[in-house]
Protein chains: 2
Amino acid sequence: MERPELPLAQLHAFVVLAEELHFGHAAARLDIAQPPLSQQIRRLEDKVGHPLFDRGPRRVTLTPAGRELLPAARRALADLTAGLAAARAVGSGEAGRLRIGFAASLALTVLPGLLRTFRQRFPEVHLDIHEMTTAPQIAALHDETIDIGLLREPPADETELRFETVLSEPFVAVLPSAHPLSAGRTVRLSQLADSPFVLLPREAGPRLHDQITGLCAAAGFSPRIAQHAVEWQTVCALVRSGLGVSLAPASIRHIRLKGVAFRRIEPGTARTGVAVAWREGDQNPLVAHLLAAVGHDPAEEPPARRPSGRASRCSPRSR
Amino acid sequence: MERPELPLAQLHAFVVLAEELHFGHAAARLDIAQPPLSQQIRRLEDKVGHPLFDRGPRRVTLTPAGRELLPAARRALADLTAGLAAARAVGSGEAGRLRIGFAASLALTVLPGLLRTFRQRFPEVHLDIHEMTTAPQIAALHDETIDIGLLREPPADETELRFETVLSEPFVAVLPSAHPLSAGRTVRLSQLADSPFVLLPREAGPRLHDQITGLCAAAGFSPRIAQHAVEWQTVCALVRSGLGVSLAPASIRHIRLKGVAFRRIEPGTARTGVAVAWREGDQNPLVAHLLAAVGHDPAEEPPARRPSGRASRCSPRSR
DNA sequence: GCGCTCCATACGCCTAGAGATATCAAGCGG
DNA sequence: CCGCTTGATATCTCTAGGCGTATGGAGCGC
């Protein structure tokens with residue numbers, strides 16, 4: 001990439017003069033006096049090495065060399081204005097791309113509303129949404145494959161990630177409709193002690209898995225896991241087919257599946273949380289925007305990175 | 001067309017740094033010290049209003065805004081370097097477009113050699129050649145439809161055009177093979193006094209036409225014109241079919257047509273000239289190049305236009 | 001010939017910005 | 001904890017270039 005030593009001011013003057021073909025008018029459009037314009041053009045011609053205009057007695061004309069340079073100058077100016085505008089839009093978070101990972105169970109609850117409000121506020125922003133369970137989201141956040149995670153029960157030992165709970169919900173028992181316990185409105189956990197369980201594998205989301213087994217332990221038993229499935233949809237289907245019962249966050253009630261009943265757990269104190277996750281100190285303004293959209297106040301955030309002086313330079317830099 | 005206030009030096013620094021992602025290396029490539037590079041980038045970021053790079057502790061990365069600006073900056077620089085090179089090539093006459101008008105009778109004589117040598121010397125130059133008779137060439141030169149004319153016997157009263165004879169040739173009589181005069185090797189003009197003539201119309205080329213009728217007058221007769229035709233090809237065809245005889249420049253011998261004979265004129269003093277024509281003071285260097293190719297020495301030319309000071313600015317301007 | 005239009009030239013002023021050197025600060029590895 | 005690497009800051013210098021006003025000079029119309 002070479003560097004042509006052509007000040008943009010001169011190119012601008014050149015383009016305007018090429019349109020006006022009249023030094024006086026062009027100077028007026030450029031809001032300068034006429035002699036400076038003559039100088040601009042002359043300097044440009046000196047740099048090019050050849051005249052760009054024929055100064056006829058009564059009219060100014062482009063030379064062939066000028067005609068050759070004109071489209072390039074136009075394109076360059078247009079590219080730069082457009083690029084500058086785009087960069088500013090992206091920099092201010094009015095445009096760009098945000099990659100979001102989300103747990104499948106949220107596709108029917110928090111996700112749609114979030115997308116809707118965000119799109120309304122930032123129509124120029126492209127949202128890439130990827131369904132993934134908790135553990136892959138953590139990994140994807142670390143290697144910057146996604147910028148935002150929507151997940152359940154994040155691990156507590158993450159130092160470079162931050163989490164904010166956006167929703168807390170109770171657990172429900174997932175039973176086949178034919179199951180005797182589905183007759184009542186609620187189920188005591190201990191009543192499931194002898195039933196086989198269908199659960200997500202622990203690797204998909206260790207914290208949630210541990211929470212479920214912990215609940216069972218509190219109720220005095222250790223769940224016998226008959227089958228693993230990586231999606232709640234599948235869990236419900238397996239429950240319906242009689243493979244076992246399950247414990248799940250209440251929002252999976254949105255999975256309407258004939259032959260499956262959801263029953264509140266007794267006691268109802270145990271709750272599971274849905275959190276947004278992001279990289280601590282992520283400079284991408286879209287991350288902040290999305291956090292704001294889910295109700296997180298960015299002011300609670302410490303500056304994290306670059307605390308020395310110019311931590312936040314998005315607004316006009318102070319010296 | 002707006003003017004983005006982005007000095008090209010900064011954009012260049014930006015592009016190089018975006019490629020190197022390392023201030024030291026980028027500065028080395030730009031052949032400056034590292035601190036000035038930091039300043040360039042900073043100034044650019046100030047103008048954009050947002051950071052373009054994330055200065056990580058061990059690595060430099062483009063921000064989304066920087067990624068947005070980068071292609072625009074690249075394109076602008078590439079456009080300008082290319083446009084500048086093209087403008088210089090055109091300005092110096094190494095490239096561009098030259099529009100040439102030529103008389104049909106020259107397509108077989110001077111034109112091919114001229115095109116060949118010119119193309120060899122200036123392969124980047126595109127030649128537009130248009131067949132036209134003398135009068136249209138004069139008109140086309142005036143309204144700048146063509147830059148160069150190749151014509152016969154230009155009018156003498158042209159002030160804004162200049163001519164240079166490149167070829168002088170005698171006249172020949174054009175006769176049907178069956179004509180009694182085609183038996184001899186030469187023909188005296190007076191022998192054609194009673195024959196009907198086929199000629200080009202006077203409007204196509206007044207001087208040549210007048211020259212021919214003048215020759216006849218000198219031989220003691222006024223030619224009886226039986227038929228006009230706008231091309232020599234057609235003239236020959238009409239002569240062959242017995243409509244009449246004709247007088248033509250010798251180079252139409254190249255038109256090989258059975259049944260037509262060409263005979264030298266007695267006395268052979270009368271000659272007709274082929275000339276190049278161009279606009280006086282035409283700045284297009286290709287015109288000068290072509291004139292040189294046909295043997296015209298540009299030094300014989302007075303500066304013509306812009307005699308005040310900077311008449312020839314193609315070389316570095318003197319102040 | 002006179003004045004008008006239009007572009008070029010001549011000066012003078014002033015600022016942005018590009019460059020260098022010297023120094024500081026943060027992160028990382030031994 | 002020290003030292004290396006890497007980028008930021010501070011300060012100074014210098015000049016290209018941008019602008020203005022004043023003036024010159026060529027062509028054209030009346």
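Predicted, not measured: the structure shown is a model, and the values here were computed from it. Chain A is the first sequence line, chain B the second, and so forth, proteins listed ahead of strands; every chain is numbered from 1.
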Item to check | Any donor-acceptor N/O pair under 3.5 Å between dG19(C) base and Q40(B) side chain | outcome: no
Checklist entry - When all nucleic acid strands are considered with a 4.0 Å heavy-atom cut-off, which category describes P35(A): base, sugar-phosphate, or nothing? => result base
Checklist entry - Base, sugar-phosphate, or nothing for Q39(A), non-hydrogen atoms under 4.0 angstrom? => result base
For [X] and [N], give me the distance from atom [atom1] to atom [atom2], rounded to whole Å.
| X | N | atom1 | atom2 | value |
| --- | --- | --- | --- | --- |
| R59(A) | dC28(D) | CZ | P | 10 Å |
| E5(B) | dG17(D) | CD | P | 14 Å |
| I32(B) | dT21(C) | CD1 | P | 12 Å |
| Q34(A) | dG18(D) | CD | P | 16 Å |
| H25(A) | dC7(C) | NE2 | C1' | 13 Å |
| Q10(A) | dG18(D) | CD | C1' | 10 Å |
| F14(B) | dA18(C) | CZ | P | 15 Å |
| D54(A) | dA26(D) | CG | P | 18 Å |

Are any of [X]'s side-chain N or O atoms less than 4.0 Å away from OP1 or OP2 of [N]?
| X | N | value |
| --- | --- | --- |
| R42(B) | dT9(D) | yes |
| R55(A) | dA8(C) | yes |
| S38(B) | dA8(D) | yes |

Checklist entry - Relative to the ring of H289(A), is the ring of F122(A) parallel (under 30°), tilted (30 to 60°) or perpendicular (over 60°)? => result parallel
Next on the checklist: Quick check on DNA chain C: between K47(B) and D31(B), whose nearest nucleotide comes earlier from the 5' end?
Outcome noted: K47(B)
Checklist outcome for this item: Ranking L37(A) and H22(B) by the position along DNA chain D of their nearest nucleotide, the one closer to 5' is H22(B)
Checklist entry - Between R279(B) and E144(B), what is the shortest heavy-atom contact and its length? => result NH1-CA, 3.4 Å
Item to check | Candidate nucleotides dG18(D), dC7(C), dA18(C), ranked by approach to the side chain of A9(B) - the nearest | outcome: dA18(C)
Checklist entry - Which one, dA8(D), dT9(C), dG17(C), comes nearest to the side chain of R43(B)? => result dG17(C)
Item to check | With sequence neighbours excluded, residues passing salt bridge (Lys or Arg N to Asp or Glu O under 4.0 Å) with R99(B) | outcome: D147(B)
Checklist entry - Should T133(A) and Q137(A) be marked as a side-chain hydrogen bond (donor to acceptor under 3.5 Å, both in side chains) after you check the CA-CA gap, both sets of side-chain angles, and the distance that decides it? => result CA-CA 6 Å; T133(A) 51; Q137(A) 282 191 51; over 6 Å; no
Item to check | Salt-bridge present (E5(A), K47(A); N to O < 4.0 Å) | outcome: no
